[in-house]
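Report on the following structure.
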Amino acid sequence: METKVAVRSGQKPEQPRIYTRSEHNISRDNISKNALKVLYRLKSEGYDAYLVGGCVRDLLLGREPKDFDVATNASPEQVKAAFRNCRLIGRRFRLAHVHFGREIIEVATFRGTAEDVQSSQKTDQNGRLLRDNHYGSIEEDVLRRDFTVNALYYNIKDFSIVDYVGGMDDHKAGVLRLIGDPETRYREDPVRMIRMVRFAVKLGFTINEACERPIFELATLLGNIPAARLQDEALKLFLSGYAVQTFEMLNHYGLFAQLYPVAAKSLQSEVSGFPRLFIAKALENTDKRLAEGKGIAPYFLFSTFLWDAVKEQVDENRAKGIPESIAYQQAASVVIAEQVKSTSFPKHIGTAMRDVWSLQARFDKRSGARPYRLLGHPKFRAAYDFLVLRATTGGAEQELADWWTEFQTATDADKKKMLAQLNNQSPKKRKRRRKPTVKQQKND
Ligand code: ATP
Ligand code: MG
């Protein structure tokens, strides 16, 4: 392939290859009306305006883009002046958001990375870019992008695609390739390793060999990335409908352990195969639900990643004589604190995970009003799904999961029967809990 990979960060790219309207399949019918409005307006104001990034890549594949990003030579202030419905955001690099009801078209001024920006482009000792807040030309904007297929520009002036880096050839060949020297680009921003995996899975593209090799060695650089940024990426990784493949590929490159060291440790130390089976099933269910158009709660998947570690910690606590509910709370705190050092969660995710874990202990307690109280818990449904998952992978009694399956949809009368039957079956339990059982059942 005659694709030029000679382009290095900080160098000017060669003349672009222009694909005219008749040489590509992007039709304006598939571009958001609002994005077109933005492009046309910028053009009529005398600026250059392009669609760029994921939307061009997805349109070429005949897919519906998630969102439409625009790149222009107008400064953010000039963009703002051209639109009434525009707000400037971002401190590190200013972006214009043009609002149309719920749709936001993001307009970015070309960004520079050339050698003349040394003063504004700082790297740490690993080569990570700390700042790159400098406007530039389209040629420079191309070079700061990650993959060749993400660096194609759709020009509103003549509906052509402008390709400086052989992105169209890579696109046709289904290849993901970093622009410039792979190691340098990973060092500048280690998150690109994860993005590589995400796009390889999502697009079904292969990773160019020279870009694949350094990942094994550089994976640990993710340790320097703020945990909150990794969380944003993690959500995209696992909630895009290809969680199973993504997990396998992340594992292959040693990236999963960087994102979820706690889970990776459980997977390593497993004896029975349980954590692997459990997590695999959870990933599978996530994909299945998304394929069926059902919603999913991110905390659910993450709670499965950490469950084995929580259980271990609960067992330790119980051995020390700590009461069960406290043992769960404490275990959850320890495990979450360990996890958020790598990939953080927003607080509500932590709270929901805690609930799902500690409710597991309550499924066993089926006397008196307890089952009713559990049914009424806001996280009952998630905790129940979690129990079913445990049961199908050998981590809980199938009988218990089945009981709860039946109980939650049973009529009031049947619920009472189920509880009475349970008490008859276990005289020991009945004896121990006779008083509350009798009293509370009367109230129900
Ligand atoms: P998606 O469909 O997931 O949104 P995308 O390619 O649009 O895919 P974004 O994260 O929205 O991904 O980024 C938009 C564009 O910005 C990318 O196509 C790429 O050109 C550039 N980009 C994003 N993140 C990076 C990065 N870490 N390094 C270099 N360029 C990046
Ligand atoms: Mg995008």
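Both counts, for ligands and for their atoms, begin at 1 and track the order of listing. Worth saying up front: this structure is predicted, and the values here are computed from it rather than measured.
The nearest non-hydrogen atom to atom 29 (C) of ligand 1, considering only Glu106, Arg144, Arg198, comes from Arg144. By heavy-atom distance, the residue among Arg145, Glu233, Arg63 lying nearest atom 16 (O) of ligand 1 is Arg145.
Protein heavy atom at the shortest distance from atom 27 (N) of ligand 1 is Asp189 OD2, 2.7 Å. Residue, atom and distance of the protein heavy atom nearest to atom 22 (N) of ligand 1 are Arg195 NH2, 3.6 Å. Asp146 N, 3.1 Å is the protein heavy atom nearest to atom 30 (N) of ligand 1. The single protein non-hydrogen atom nearest to atom 28 (N) of ligand 1 is Arg192 NE, 2.8 Å, given as residue, atom name and distance. The protein heavy atom nearest to atom 2 (O) of ligand 1 is Lys202 NZ, 2.9 Å.
Two residues are said to be in side-chain contact when any heavy atoms from C-beta on lie closer than 4.5 Å; Asp141 and Tyr164 fail this criterion. Within the 4.5 Å cutoff, the side chain of Val149 has heavy atoms near those of the Phe205 side chain. Within the 4.5 Å cutoff, side-chain heavy atoms of Leu374 are placed close to those of Trp404.
Taking distance alone, with nitrogen or oxygen atoms compared against 3.5 Å, Arg57 approaches ligand 1 more closely than that limit. Considering backbone and side-chain atoms alike, Lys66 places an N or O below 3.5 Å from some N or O of ligand 1. Between Asp69 and ligand 1, not a single N/O pair is under 3.5 Å apart.
Close contacts of ligand 1 with Gly54, meaning ligand atoms under 4.0 Å from a residue heavy atom, involve 5 (P), 6 (O), 7 (O), 18 (O). Distances below 4.0 Å separate heavy atoms of Gly53 from the following atoms of ligand 1: 18 (O).
No heavy atom of Glu188 sits closer than 4.0 Å to any atom of ligand 1. For the pair Val191 and ligand 1, no heavy-atom separation below 4.0 Å is found.
Geometrically, Arg195 does not engage Phe147 in a cation-pi contact defined by less than 6.0 Å to the ring centre and at most 45° from the axis. A cation-pi arrangement is not found for Arg213 relative to Phe216, the charged atom failing to lie both closer than 6.0 Å to the ring centre and inside a 45° cone about the ring normal.
Ion pairing between a basic and an acidic side chain is recognised when a charged N comes within 4.0 Å of a carboxylate O; Lys281 and Glu284 show such pairing. With respect to Asp189 and Arg229, a salt bridge is recorded, a charged nitrogen being found less than 4.0 Å from a carboxylate O.
Only the side chain of Arg229 comes within 4.0 Å of ligand 1, judged by heavy-atom distances. Proximity of Asn150 to ligand 1, defined as any heavy-atom pair under 4.0 Å, is shared by backbone and side chain alike. Contact annotation for Phe147 and ligand 1: no heavy atom of the residue comes within less than 4.0 Å of the ligand.
A side-chain donor-acceptor contact under 3.5 Å links Arg354 to the backbone of Gln329.
Rounded to the nearest 0.5 angstrom, Asp67 CG and Ile105 CD1 are separated by 8.0 Å.
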Apply ring pair (Phe, Tyr, Trp, His ring centres under 6.0 Å) to the pair Phe110 and Tyr135, showing each step before the final yes or no. CA-CA 6 Å; Phe110 294 139; Tyr135 301 127; over 10 Å; no

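Heavy-atom contacts from other residues, nucleotides or ligands closer than 6.0 Å to CD of Gln408 number more than 12.
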